[in-house]
Chemist: 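Sharing a structure here in structure tokens format.
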Amino acid sequence: MSFREGTPSDIERIIKVNLLSHFWTTREFLKDMIKQKRGHIVGICSGFGLYPGGRSVAYSASKFGVRGFMASLNEELLYNGQSDFIKTTTVFPLLIATRKEVSDLYEKLKMADKMLCLTPNYAAYQTIRAIKNGAELISLPKGLVTYMTFASILPTSIREKIVFGFMEGKIPQIHPKHC
């Protein structure tokens, strides 16, 4: 929903589910991780935590918040001398088919020919693989973090041309072969 759509409770729900749940879940489990001197915390962010999404202001803001939460938590673990035994991984998926209304919108906008919609199983498999490999962050598809970070430092006029060029099929698309 765009910034002017939805009710205050809709916005609160998005922030609670996408951001605050990371705080409360991590806080609950961190005590035992510290006591046991082992653990791994995973934050599910999004491509919208790297690059702002128009018509999804609350969602994008919540995902930028997850990105900041995970980076800050990682620093706090380091400062507290706990980063040797408590690790973190932040996951930046572009699009995962988790809700029917999102999948329906994806089809309606004819996005299937422009970018890959990941299955939840694939995203989970890649996340577990990243944990086992000790990765602090992963992007799904590969290269998403690099691409989005690069796009974010470009002047707005150039960035808009790239984004709209992508949407119109004038620049390379993100397909399964790139994963």
Chemist: Could you work out, with side-chain hydrogen bond (donor to acceptor under 3.5 Å, both in side chains) as the rule, every residue matching Glu76, not counting sequence neighbours?
Modeler: none
Chemist: Only pairs at least two apart or in different chains count here, so list each side-chain hydrogen bond (donor to acceptor under 3.5 Å, both in side chains) that has a residue in residues 38-50.
Modeler: His40-Thr89
Chemist: Would you call the rings of Phe69 and Phe23 parallel, tilted or perpendicular, taking 30° and 60° as the class edges?
Modeler: tilted
Chemist: So if you build clusters from Ile, Leu, Val, Met, Phe, Trp, Tyr with side-chain heavy-atom gaps below 4.5 Å, do Phe64 and Phe150 land together?
Modeler: no
Chemist: To the nearest 0.5 Å, what is the distance between CZ on Phe92 and OG on Ser139?
Modeler: 8.5 Å
Chemist: How long is the gap from CD1 on Ile15 to OH on Tyr59, to the nearest 0.5 Å?
Modeler: 11.5 Å
Chemist: Grouping I, L, V, M, F, W and Y whenever their side-chain heavy atoms are under 4.5 Å apart, do Ile131 and Tyr125 come out in a common cluster?
Modeler: no
Chemist: Taking the side chain as everything from C-beta on, heavy atoms only, tell me whether Arg67 gets closer than 4.5 Å to Leu50.
Modeler: yes
Chemist: Which atoms form the tightest heavy-atom contact between Ile138 and Ala130, and what is the distance?
Modeler: CG2-CB, 3.1 Å
Chemist: Applying the 4.5 Å side-chain criterion to the ILVMFWY set and letting contacts propagate, would Val42 and Val17 be lumped into a single cluster?
Modeler: no
Chemist: Hey, does the side chain of Asp10 reach the backbone of Thr7 with a donor-acceptor pair shorter than 3.5 angstrom?
Modeler: yes
Chemist: Got Val57 and Ile11 here, is their nearest side-chain heavy-atom distance under 4.5 Å?
Modeler: no
Chemist: Is Leu20 reachable from Leu30 through a run of hydrophobic residues whose side-chain heavy atoms are each under 4.5 Å from the next?
Modeler: yes
Chemist: Taking atom CE of Met70 and atom CD1 of Ile41, what is their separation to the nearest 0.5 Å?
Modeler: 6.5 Å
Chemist: Do Ile86 and Phe29 sit in one hydrophobic cluster, given that two such residues count as connected whenever their side-chain heavy atoms are within less than 4.5 Å of each other, even indirectly?
Modeler: yes
Chemist: Output every pair passing side-chain hydrogen bond (donor to acceptor under 3.5 Å, both in side chains) with a member in residues 17-32, not counting sequence neighbours, ordered by first then second residue.
Modeler: Asn18-Ser62
Chemist: Would you say the side-chain atoms of Lys63 pair up with the backbone N or O of Ile44, donor to acceptor, closer than 3.5 Å?
Modeler: yes
Chemist: What's the shortest heavy-atom distance between Thr90 and Cys45, and which atoms?
Modeler: CG2-CB, 4.0 Å
Chemist: Mind listing the closest non-hydrogen atom pair of Ser83 and Leu78 along with its distance?
Modeler: OG-CD1, 3.5 Å
Chemist: What is the distance from atom CG of Leu19 to atom CD1 of Ile14, rounded to the nearest 0.5 Å?
Modeler: 12.0 Å
Chemist: Counting distance only, does the side-chain N/O of Lys37 pair as donor-acceptor with the main-chain N or O of Met33 below 3.5 Å?
Modeler: no
